[in-house]
Peer 1: 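Have a look at this one.
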Amino acid sequence: QVQLVESGGGSVLAGDSLKLSCVASTPFFRDYAMGWFRQAPGRSREYVARLSWNGANTYYADSVKGRFTISRDNAKNTIYLQMNSLKPEDTGVYYCAPALGEEPLGDYWGPGTQVTVSS
């Protein structure tokens with residue numbers, strides 16, 4: 001069974017940085033575009049960023065453009081999300097998943113990692 005496990009979240013102040021990681025249990029996702037999604041309390045899950053299978057192409061939601069950077073290391077089956085200049089509205093549980101455009105592909109959700117940004 002393929003699993004995705006996110007880590008790296010925490011409680012920080014506005015303006016701080018965090019780097020999230022998402023490790024896949026197998027190389028299954030190496031040929032897939034991958035994305036990060038987040039869910040704030042009381043809100044539906046939303047798209048944050050995605051990148052192509054080889055990391056050559058990256059795309060971001062307008063709300064994080066210029067502050068977040070998505071990357072991947074296929075040799076380590078790992079996806080990253082570098083988050084800089086964090087804002088309180090970035091608070092939520094962050095998940096990685098294979099992506100088809102700005103939508104998740106399939107149902108491969110891991111436990112997520114909590115990010116809390118205080119002003």
Side-chain angles (χ1 to χ4, degrees):
Q1 183 178 357
V2 179
Q3 293 182 323
L4 294 166
V5 179
E6 302 87 353
S7 64
S11 295
V12 297
L13 296 176
D16 285 350
S17 299
L18 282 173
K19 186 172 185 177
L20 308 183
S21 298
C22 169
V23 180
S25 57
T26 77
F28 179 78
F29 296 111
R30 285 185 180 180
D31 295 331
Y32 286 83
M34 295 293 292
W36 283 95
F37 302 83
R38 67 187 180 189
Q39 186 166 18
R43 301 184 64 177
S44 58
R45 195 171 291 167
E46 65 174 1
Y47 161 79
V48 174
R50 73 186 190 275
L51 80 174
S52 57
W53 71 273
N54 60 358
N57 299 298
T58 57
Y59 310 88
Y60 300 91
D62 287 344
S63 59
V64 306
K65 198 172 295 182
R67 300 188 296 121
F68 290 11
T69 303
I70 188 172
S71 61
R72 68 193 298 164
D73 185 339
N74 282 343
K76 297 181 179 179
N77 301 331
T78 302
I79 310 297
Y80 303 99
L81 186 67
Q82 177 68 47
M83 306 187 297
N84 298 329
S85 302
L86 282 162
K87 303 176 180 180
E89 51 263 44
D90 294 319
T91 293
V93 181
Y94 283 68
Y95 305 87
C96 71
L100 182 61
E102 296 184 2
E103 297 295 326
L105 179 65
D107 187 20
Y108 296 100
W109 302 111
T113 186
Q114 175 71 48
V115 172
T116 303
V117 185
S118 302
S119 58

Peer 1: Under a 4.5 Å side-chain heavy-atom rule over Ile, Leu, Val, Met, Phe, Trp and Tyr, are V48 and W109 clustered together?
Peer 2: no

Peer 1: Assigning hydrophobic clusters by single linkage (Ile, Leu, Val, Met, Phe, Trp, Tyr; side-chain heavy-atom cutoff under 4.5 Å), is Y95 placed with F28?
Peer 2: no

Peer 1: Among T91, L18, T116, which residue meets the side-chain contact (heavy atoms from CB on, under 4.5 Å) test with S11?
Peer 2: T116

Peer 1: Do the side chains of E6 and L20 get nearer than 4.5 Å, heavy atoms only?
Peer 2: no

Peer 1: Answer yes or no: is there a side-chain heavy-atom contact under 4.5 Å between V64 and R38?
Peer 2: yes

Peer 1: Could you check if a side-chain atom of C22 sits within less than 4.5 angstrom of a side-chain atom of W36, using non-hydrogen atoms only?
Peer 2: yes

Peer 1: Is any side-chain heavy atom of Y32 less than 4.5 Å from a side-chain heavy atom of W53?
Peer 2: no

Peer 1: For a salt bridge (Lys or Arg N to Asp or Glu O under 4.0 Å) check, start with the C-alpha distance between K87 and D90, then their side-chain angles and the critical distance, and finish with the verdict.
Peer 2: CA-CA 5 Å; K87 303 176 180 180; D90 294 319; over 6 Å; no

Peer 1: Quick check: closest heavy atoms across Y60 and F68, and the distance to 0.1 Å?
Peer 2: CE2-O, 3.2 Å

Peer 1: How many angstroms lie between atom CD1 of I79 and atom OG of S71, to the nearest 0.5 angstrom?
Peer 2: 8.0 Å

Peer 1: Between L4 and F29, does a side-chain contact (heavy atoms from CB on, under 4.5 Å) hold up when you go through it step by step?
Peer 2: CA-CA 10 Å; L4 294 166; F29 296 111; 3.6 Å; yes

Peer 1: Measure the spacing between CZ of F37 and OG of S44 and express it to the nearest 0.5 Å.
Peer 2: 12.0 Å

Peer 1: Could you grab the distance from atom CZ of R45 to atom CD of E103, nearest 0.5 Å is fine?
Peer 2: 11.5 Å

Peer 1: Restricting to non-hydrogen atoms, name the atom on D62 and the atom on K65 that form the minimum distance, rounded to 0.1 Å.
Peer 2: OD1-NZ, 3.1 Å

Peer 1: Of the non-hydrogen atoms in Q82 and S17, which two are nearest, and what is the gap between them?
Peer 2: NE2-CB, 3.9 Å

Peer 1: Tell me, do V117 and M83 make a side-chain contact under 4.5 Å, heavy atoms counted?
Peer 2: no

Peer 1: Hey, is the main chain of A33 close enough, under 3.5 Å, to the side chain of R72 for a donor-acceptor pair?
Peer 2: no

Peer 1: How close do I70 and M34 get, counting heavy atoms only, and between which atoms?
Peer 2: CD1-O, 3.9 Å

Peer 1: Can you name the residues that form a salt bridge (Lys or Arg N to Asp or Glu O under 4.0 Å) with E89, not counting sequence neighbours?
Peer 2: none

Peer 1: Rounded to the nearest 0.5 Å, what separates atom CG in N57 from atom CG in L51?
Peer 2: 8.5 Å

Peer 1: Measure across T113 and G9 and return the closest heavy-atom pair with its distance rounded to 0.1 Å.
Peer 2: OG1-N, 2.9 Å

Peer 1: A side-chain contact here means heavy atoms from C-beta on lying under 4.5 Å apart; do Y80 and D73 qualify?
Peer 2: yes

Peer 1: For residues Y108 and P98, report the shortest heavy-atom separation together with the two atoms involved.
Peer 2: CD1-CG, 3.5 Å

Peer 1: Roughly how far apart are T69 OG1 and N84 CG, rounded to 0.5 Å?
Peer 2: 6.5 Å

